[in-house]
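Right, one structure below, let's go through it.
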Amino acid sequence: MESREKVVEIRNLEKSFGDLDVLKGVDLDLFREENLVVLGKSGSGKSVLIKIMVGLLKQDSGSMKVFGQEVAKLGKKELNELRLKIGFSFQNSALYDSMTVKENMEFPLVRNEKNLSRKEINMRIEELLDSVGLPQTINQMPSELSGGQKKRIGVARTLILKPEIMLYDEPTAGLDPITCRDINSLILEVRERYKTSSIVITHDLACAKQTGDRMAVLLDGQFKAVGTFEEVFPEATDERIKSFYDYNFINS
Amino acid sequence: MAEGSGDRKPLLSKKIDKFFTGLADAWNFVRRFFQEVFMPPYEFKEVIHQCYRIGVESLPLISLTGFIVGIVFTNQSRPSLSEFGAASWLPSLISIAVVRAMGPLVTALIAAGKVGSSIGAEIGSMKVTEQIDAMEVSATNPFKFLVVSRVLATTLMIPLLVMYTDFVALMGSFLSVNANEKVSMTTFFVQVFEAITFLDIISSVLKSVLFGFTIGVVGCYKGYNSSKGTEGVGRAANAAVVMAMFLIFIEELLVLQIVNAIRGI
């Protein structure tokens, strides 16, 4: 595993909001074509971590390197170039609700790949909608879609720029178990088809088990356990990780 | 752009500190608008879309209000003028009142309520549902798409709406004058245009540009900086209206002072 290329390298990362220390010296690596699941309680700083990765937030100290570039030190142009390589799927899908599905998907594409013809744009949109299994929604408004459909369209929209890294923020939050399973399959399919490396932020252990090559458990602002699902969970000695595991699997 | 680290300790009291940081934020927001408005890429399609929403979709409300203002103001002024035997001055009085003050002010206040609140609520809800973040992480410029286009649209459309309101209000006034004083349309409009000067029209247009810019900037600023949650969206919409109306009255007063100074009054 360690001999593989690192696409993200996080070292001693710290972030506070006022008096609240959210990340207290976090270390983590993401390898090429790996699915890494970050688990933790609500408010433990999981989303903060990936927002620092795309430059939406800035760390107080420490290093966040993506493709060897220190994100905090990038200028506006370089940051945008890096962002094109990262797809961010938001917790609530963040579809632009004044636009149709087609316009949602066009939005980043026409602004970043200006040489594409109308035919090429349409082809790429149709291809991606097919790949997420929702070609019929092309002219629908986000308000007409179900929660699961929104998530899928959100993922399709991020894939339109052909990213190398996918960041999924709570991909199964608020969805029924069957839709959760579909979303988990989609995450695996995306990796398979587009050869992406992914970070999946979740507190859903079923999602973690199904999608993740490695798990990283964020507690008290630090990663308390990193490894495969079997290494981290069934025999966990830390009470909090154990209770996390028990609660999830007893309830499912 | 990236947010920095958490809250700073207040330099003076929390409220004073908040006031001045808010002022600095607003200034930076306006400065950013002027930096981005001239820089490509340009969002022409979105500007036209917003012009349609702000201009065309406001027409029914503006028409009704302008028409009523014209009739009411004429009917309210008639008794006083008639007392001095000066009812024939009605067209002149109405034209001065409408072109100099009431047209721009009524239009701007209605637009602040209708357009300002909708801009504040729309951008605010995009902010709290992470749609603005989604634009940012897809390497597009949400400020240009959302803010620049809307501020340009309000700045361009409010002066046009003001001219339209002036016309509709004068038509309302004409109907009243025609019904009571049996004045023809030609006579009415000759008197209307005799009473107003080039300075009246120029100051009215410039004032309208300022009002439009204010409505757009305040709506966008309040929406763009709305706090998390649906309550924040409501607050943003409300603050956009209140702040814009307040600034419009201040600007009206300042423009009046400047124009009076030019007239030598």
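Everything quoted here is computed from the prediction, not taken from an experiment. Labels below follow one simple rule: chain letters A, B, ... track the order of the sequence lines, proteins then strands, and each chain is numbered from 1.
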Hey, what do you get for [atom1] ([X]) to [atom2] ([Y]), rounding to the nearest 0.5 Å?
{"X": "B:Q131", "Y": "A:S93", "atom1": "CD", "atom2": "OG", "answer": "10.0 Å"}
{"X": "B:T140", "Y": "A:L109", "atom1": "OG1", "atom2": "CG", "answer": "11.5 Å"}
{"X": "A:D97", "Y": "B:E122", "atom1": "CG", "atom2": "CD", "answer": "8.0 Å"}
{"X": "B:D133", "Y": "A:F88", "atom1": "CG", "atom2": "CZ", "answer": "7.5 Å"}
{"X": "A:I86", "Y": "B:S138", "atom1": "CD1", "atom2": "OG", "answer": "12.0 Å"}
{"X": "A:N80", "Y": "B:N141", "atom1": "CG", "atom2": "CG", "answer": "8.0 Å"}

Worksheet item: Which atoms of A:L95 come close to chain B, meaning under 4.5 Å heavy atom to heavy atom: side chain ones, backbone ones, both, or neither?
Response: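 Looking at A:L95, just its backbone touches chain B.
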Fill in: Structural part of A:M99 lying under 4.5 Å from a heavy atom of chain B
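Only the side chain of A:M99 comes within 4.5 Å of chain B.
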Counting only heavy atoms not in [X], do more than 12 fall under 6.0 Å of its [atom1]?
{"X": "A:R191", "atom1": "CZ", "answer": "yes"}
{"X": "B:K114", "atom1": "NZ", "answer": "yes"}
{"X": "B:M102", "atom1": "CE", "answer": "yes"}
{"X": "B:F167", "atom1": "CZ", "answer": "no"}
{"X": "A:K195", "atom1": "NZ", "answer": "yes"}

Practice prompt. State whether B:E36 and A:K76 are salt-bridged, where the test is any N-O pair (Lys NZ or Arg NE/NH1/NH2 against Asp/Glu carboxylate O) under 4.0 Å.
Written response: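 Between A:K76 and B:E36 there is a salt bridge, with a charged N closer than 4.0 Å to a carboxylate O.
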Worksheet item: Charged N to carboxylate O below 4.0 Å: is that the case for B:E43 and A:R111?
Response: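 Salt bridge flag = yes for A:R111 with B:E43.
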Item to complete: State whether a side-chain donor-acceptor pair under 3.5 Å links A:N92 with B:E130.
Response: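 Checked: A:N92/B:E130 side chains show no N/O donor-acceptor pair below 3.5 Å.
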Worksheet item: With respect to chain B, which residue among A:L84, A:D19, A:N112, A:L82 yields the maximal number of heavy-atom pairs within a distance under 4.5 Å?
Response: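 Looking at each option in turn, the highest pair count goes to A:N112.
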Worksheet item: Please walk me through it: do B:V137 and A:F90 pass side-chain contact (heavy atoms from CB on, under 4.5 Å)?
Response: CA-CA 10 Å; B:V137 297; A:F90 285 84; 3.8 Å; yes
